[in-house]
Amino acid sequence: MSTSRPSKRWNDAVTRNRALPEFTTFLRPTPSNELAHAADESPVIIVNISDYRCDAIILRSGAEPSDMELPTVTRAKTTQMTALMEEALGSLDDGHRESGVEKVLNDLWLSVVQLVVQRLEEDGVPRGSRIWWCPTSALCLLPLHAGGVHQKQQSEPSNLLDTFVSSYTTTLSALVRARKRKLRSAERPRALAA
């Protein structure tokens with residue numbers, strides 16, 4: 001009987017919170033129709049790393065989510081890239097550091113970023129647009145925004161920095177909440193005192 005009392009108090013507290021207008025989904029997953037707003041202003045790319053399969057899921061305003069398999073990406077590969085990046089950044093040898101970072105950026109370009117850029121361009125997203133990355137697993141520790149082949153004499157853009165402006169979000173919910181706060185603060189009247 002004593003175990004049901006705390007449970008009942010918990011359930012009552014959750015019910016009271018959900019009765020408040022801004023907390024109707026308190027302790028529930030965010031509904032998918034709300035998550036879709038994450039891509040209202042610009043595309044969001046969720047990069048899912050799993051033992052079973054790795055994918056990039058591209059969300060765009062007014063379009064169905066676009067799923068693309070990343071056939072050369074594995075959890076082990078992203079873990080290796082992370083270890084190589086950590087080793088390179090920790091190296092006191094400039095040559096070793098530069099070659100290690102370049103290898104990781106090249107691998108990111110060939111295995112993830114280039115495929116996403118191609119899909120975004122096929123979908124008509126203009127160059128120079130902002131995109132949002134939402135990486136998972138070890139990919140969270142790697143600079144997707146810098147992925148590419150960085151050589152001085154390139155005629156065609158072969159890195160993300162020359163193609164799109166990247167930002168990051170930890171979750172779609174976080175991006176949606178941030179945008180709602182931005183809208184609310186823009187709607188508030190501001191006073192100017194002189």
Side-chain angles (χ1 to χ4, degrees), residues 30 35 38-39 41-60 65-123 125-179 181-182:
T30 306
L35 291 178
E41 294 177 24
S42 51
V44 178
I45 301 98
I46 304 163
V47 187
N48 183 52
I49 304 299
S50 163
D51 288 331
Y52 304 104
R53 182 176 144 156
C54 300
D55 296 270
I57 302 164
I58 301 174
L59 305 177
R60 290 183 31 248
S66 173
D67 175 44
M68 54 188 291
E69 184 177 3
L70 303 172
T72 63
V73 180
T74 63
R75 183 185 300 275
K77 181 177 181 174
T78 58
T79 302
Q80 289 170 347
M81 284 193 285
T82 301
L84 178 58
M85 181 64 93
E86 287 177 9
E87 178 190 325
L89 293 175
S91 176
L92 297 176
D93 177 350
D94 288 344
H96 179 70
R97 183 173 48 248
E98 189 173 310
S99 67
V101 169
E102 282 181 6
K103 176 164 180 17
V104 171
L105 297 180
N106 187 54
D107 284 351
L108 284 171
W109 175 254
L110 294 174
S111 59
V112 178
V113 179
Q114 183 180 37
L115 300 171
V116 169
V117 166
Q118 288 171 347
R119 177 65 63 86
L120 290 171
E121 288 179 336
E122 288 169 10
D123 290 346
V125 178
R127 284 189 176 199
S129 297
R130 174 171 308 282
I131 60 174
W132 287 86
W133 291 101
C134 184
T136 64
S137 188
L139 208 53
C140 293
L141 302 173
L142 295 171
L144 288 165
H145 67 279
V149 179
H150 298 276
Q151 296 173 351
K152 293 181 178 28
Q153 306 298 326
Q154 295 277 354
S155 59
E156 281 292 311
S158 58
N159 62 69
L160 188 58
L161 297 170
D162 291 338
T163 315
F164 294 107
V165 177
S166 292
S167 294
Y168 289 86
T169 184
T170 53
T171 65
L172 295 178
S173 297
L175 184 55
V176 169
R177 280 192 307 273
R179 288 186 172 157
R181 277 194 301 271
K182 180 179 158 187

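Only a predicted model underlies this, so the values are computations on that prediction, with no experimental measurement involved.
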### Message
Treating Ser111 as the side-chain partner and Thr72 as the backbone partner, does any N or O pair qualify as donor plus acceptor under 3.5 Å?
### Response
no

### Task
For residues His145 and Leu161, report the shortest heavy-atom separation together with the two atoms involved.
O-CD2, 3.3 Å

### Query
For the residue pair Ala38 and Val176, what are the closest heavy atoms and their distance?
N-CG2, 3.6 Å

### Message
Is any side-chain heavy atom of Pro143 closer than 4.5 Å to one of Leu105?
### Response
yes

### Message
Within the 4.5 Å heavy-atom criterion, are Cys54 and Ile49 side-chain neighbours or not?
### Response
yes

### Task
Walk me through it: do Leu35 and Leu59 pass the test side chain to side chain contact (heavy atoms under 4.5 Å, CB included)?
CA-CA 10 Å; Leu35 291 178; Leu59 305 177; over 6 Å; no

### Message
When you compare the side chain of Phe164 with that of Val116, does any pair of heavy atoms fall below 4.5 Å?
### Response
no

### Message
For Asn159, is there any backbone N or O sitting under 3.5 Å from a side-chain donor or acceptor partner on Thr163?
### Response
yes

### Summary
Value for CG (Asp107) from NZ (Lys77), rounded to nearest 0.5 Å, stands at 5.0 Å

### Task
To the nearest 0.5 angstrom, please state how far the CD atom of Glu122 sits from the CE atom of Met68.
8.0 Å

### Summary
Tested for side chain to side chain contact (heavy atoms under 4.5 Å, CB included) against Val104, the lone hit among Asn106, Leu108, Val101 is Leu108

### Task
Tell me, with the steps shown, if Ser166 and Ile131 meet side chain to side chain contact (heavy atoms under 4.5 Å, CB included).
CA-CA 5 Å; Ser166 292; Ile131 60 174; 4.0 Å; yes

### Query
Which value, rounded to the nearest 0.5 Å, describes the distance between Arg130 atom CZ and Ser42 atom OG?
7.0 Å

### Query
Under a 4.5 Å cut-off applied to non-hydrogen side-chain atoms, are Met85 and Leu141 in contact?
no

### Query
Can you list the steps and then say if Thr169 with Trp132 is a side-chain hydrogen bond (donor to acceptor under 3.5 Å, both in side chains)?
CA-CA 7 Å; Thr169 184; Trp132 287 86; over 6 Å; no

### Summary
The reported gap from CG in Asp93 to OG in Ser99 (rounded to nearest 0.5 angstrom) is 8.0 Å

### Beyond-backbone contact of Val73 with Leu139, side-chain heavy atoms, under 4.5 angstrom
no

### Query
Can you check whether Asp55 reaches Ile46 side chain to side chain, under 4.5 Å on heavy atoms?
no

### Message
Quick check for you: to the nearest 0.5 Å, what is the distance between Leu160 atom CG and Gln114 atom CD?
### Response
11.0 Å

### Message
In the structure I gave you, are the side-chain heavy atoms of Tyr168 and Pro135 within less than 4.5 Å of one another anywhere?
### Response
yes

### Summary
Minimal heavy-atom distance between Arg119 and Ile58, with the atoms involved, is CG-CD1, 3.5 Å

### Message
Side chains of Ser66 and Arg60 only: does a donor on one sit below 3.5 Å from an acceptor on the other?
### Response
no

### Query
When you look at Ile45 and Leu144, which way does the side chain to side chain contact (heavy atoms under 4.5 Å, CB included) test go after all the steps?
CA-CA 11 Å; Ile45 301 98; Leu144 288 165; over 6 Å; no

